[in-house]
Amino acid sequence: MPIALIDGNNFYVSCERVFNPKLEGRPVVVLSNNDGMAVARSAEVKELGVKMGTPWFKMRDLARKHGIVALSSNYALYADMSNRMMAVLSQYSPDQEVYSIDECFLGLEGFGNFDLVAYGQAMRRQVRQWVGIPVCVGIAETKTLAKLANHCAKKALAGTNSVCDFGRLSEPERSRLFSTIEVGEIWGVGRKLSEQLTHRDIATVEALRKADAKTIRREFSVVLERTIAELNDISCMELEEAAPNKQQIISSRSFGNYVYDIESLSQAVASYIAIAAEKLRSQASLAGLVQVYIRTNPHKADSPQYQPSLTVPLSQASDDTLLLTRAALWGLKRIYRPGFAYQKAGVALLNFSDAATPQMDLFSKARDNTRLMEVMDRINGIWGRGTLHSAAEGVQQGWRMKREKVSPGYTTHWDQLPLVT
DNA sequence: CTATAACTCTCAA
DNA sequence: CTAACGTTGAGAGTTATAG
């Protein structure tokens, strides 16, 4: 069965351009949380040689020289645009896996007699017209190959024009094309693996495709063995249409400025617990463990480093924000040491069980806050996260992250819509 | 010793 | 003027621990 992988071109930048057409044709980057580093670059910025993950302060001079526009990330906007894009694409197949904010797989079972390249072009046109986002389409027999075909479509390899169907390539054509692509481009082959494979003279997609799967399994892993199968048109990865419940929920953030006192850390930890616990309740799970960690800036090698973490077991699994907060703050108090410049804190909820069948604690004296949590979730659902929160989260919140260049909430706030005057 | 828990490493977007 | 470098999740493999 053919599989299509549709991926937005520098998605965050494209979202910003939909609402601010002046950005069209100009070099634009979108920065990570805290305005830290580049997480999306327009073609013009890539042209200037700016790599993914470049810290903003390191490209400042280049930005001034070439008039690069830098924007803080506006996830509310991107999530909204993503939903619209996915809705349009879902019309092209009954089988859709939303793989990430900017890409999805479509199962094309029974489409064998179609002109798939024309079908891909139709998707592109409609997403562009209805949502405003440019996308590329890769089509092949397996997910791994569809990802690779998408890469070829983006780079305009093998004479493709934003849509690439490997089904059209003869075996010699494939062989020739794959010989020109580095192994590192393959889905699942990251920095480490590329390096090791290249050392063993497996430097291209073609070389890995032809490598002996059993040997690779022995010397590397099952995962890479599966990748080889997928490169040879043998599908090992199902289309996962319904996202399974999470097995862990993490919430962490870097601070806008260094934090030294336990009061600020406590407020931050309480806030992160509130975010994580809300997600936990939305999937009807209970957490049995709460992990807290704090961290100094690892990039600042000359200042004292400290990155402790602690996992706190609960006597009874829970989804109660207040109870989880107490556990996390108890842990924080144990790992906190004064005199360090903390840059980041985080929490994780672990060891999940089903909220429908809780394992009760015979001696528990914890009060039941189920109704309170329901009310809190409803209020925050209507009026926005943080409308109703625990006192532990604090009020001043001087530790909050920086977002100095955010675009307006074009799709979520009436009062932020730019008016034509 | 075995089974499992806990932790570490790698990868992805 | 200086300092300024993301977040979330999964899975495999390894090590520690309990019974």
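Labels below follow one simple rule: chain letters A, B, ... track the order of the sequence lines, proteins then strands, and each chain is numbered from 1.
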For [X], all residues meeting salt bridge (Lys or Arg N to Asp or Glu O under 4.0 Å), sequence neighbours excluded:
| X | value |
| --- | --- |
| Lys210(A) | Glu171(A), Glu206(A) |
| Asp95(A) | none |
| Arg218(A) | none |
| Arg200(A) | Glu219(A) |

Item to check | Pairing residues for Phe19(A) by the ring-ring contact (aromatic ring centres under 6.0 Å, His included) criterion, not counting sequence neighbours | outcome: Tyr410(A)
Checklist entry - Whole-Å distance between dG6(C) P and Arg41(A) CZ? => result 17 Å
Next on the checklist: Using the P atom as the point on both nucleotides, what is the distance between dA13(B) and dC5(C), in whole Å?
Outcome noted: 25 Å
Checklist entry - Is there a donor-acceptor pair closer than 3.5 Å between any side-chain N or O of Ser14(A) and the backbone N or O of Asn9(A)? => result yes
Checklist entry - Is the closest side-chain heavy-atom distance between Thr180(A) and Thr204(A) below 4.5 Å? => result no
Checklist entry - Side-chain contact, heavy-atom cut-off 4.5 Å: Tyr272(A) with Val292(A)? => result no
Next on the checklist: Counting only heavy atoms not in Gln307(A) (residues, nucleotides, ligands), do more than 12 fall under 6.0 Å from its CD?
Outcome noted: yes
Next on the checklist: Please tell me if Asn297(A) has a side-chain N or O lying less than 4.0 Å from either OP1 or OP2 of dC5(C).
Outcome noted: yes
Item to check | Range-with-range stems of DNA chain C (Watson-Crick or G-U pairs under 3.5 Å, three or more in a row) | outcome: B:1-13 with C:7-19
Item to check | Pairwise distance CE(Met123(A)) to SG(Cys136(A)) - rounded to 0.5 angstrom | outcome: 12.5 Å
Checklist entry - Could you go step by step and tell me if Tyr12(A) and Tyr75(A) meet the ring-ring contact (aromatic ring centres under 6.0 Å, His included) rule? => result CA-CA 9 Å; Tyr12(A) 297 170; Tyr75(A) 285 105; 5.7 Å; yes
Next on the checklist: Taking salt bridge (charged side-chain N to carboxylate O under 4.0 Å, His left out) as the cut-off, I'd like each qualifying pair that reaches into residues 12-30 of chain A, sequence neighbours left out, listed once.
Outcome noted: Arg17(A)-Glu44(A)
Next on the checklist: Can you pull out every side chain to side chain donor-acceptor pair (under 3.5 Å) where at least one residue sits in residues 327-344 of chain A? Sequence neighbours excluded, please.
Outcome noted: Arg295(A)-Gln343(A)
Next on the checklist: Taking the ring centre of each residue, are Tyr260(A) and Trp399(A) less than 6.0 Å apart?
Outcome noted: no
Next on the checklist: Using a strict heavy-atom distance below 4.0 Å, which residues from residues 184-216 of chain A are in contact with DNA chain B?
Outcome noted: Ile186(A), Trp187(A), Gly188(A), Val189(A), Gly190(A), Arg191(A), Lys192(A), Leu193(A)
Using a 4.0 Å heavy-atom cut-off, does [X] contact any base of the nucleic acid, only the sugar-phosphate backbone, or nothing at all?
| X | answer |
| --- | --- |
| Ile101(A) | nothing |
| Phe11(A) | nothing |
| Gln291(A) | nothing |
| Tyr272(A) | nothing |

Checklist entry - Between Lys246(A) and Phe352(A), is NZ or CZ placed under 6.0 angstrom from the six-membered ring centre and within 45° of the ring axis? => result no
Checklist outcome for this item: Its 5'-most and 3'-most nucleotides having an atom under 4.0 Å from a non-hydrogen atom of chain A, DNA chain B is contacted over dT10(B) to dA13(B)
Checklist entry - Between Phe178(A) and Phe166(A), does a ring-ring contact (aromatic ring centres under 6.0 Å, His included) hold up when you go through it step by step? => result CA-CA 11 Å; Phe178(A) 288 179; Phe166(A) 280 169; 5.4 Å; yes
Checklist outcome for this item: Sorted by number, residues from residues 53-68 of chain A placing a heavy atom under 4.0 Å from DNA chain C are Pro55(A), Phe57(A), Lys58(A), Arg60(A)
Checklist entry - In B/S/- notation, 5' to 3', how is nucleotides 11-19 of chain C contacted by protein heavy atoms closer than 4.0 Å? => result SSS------
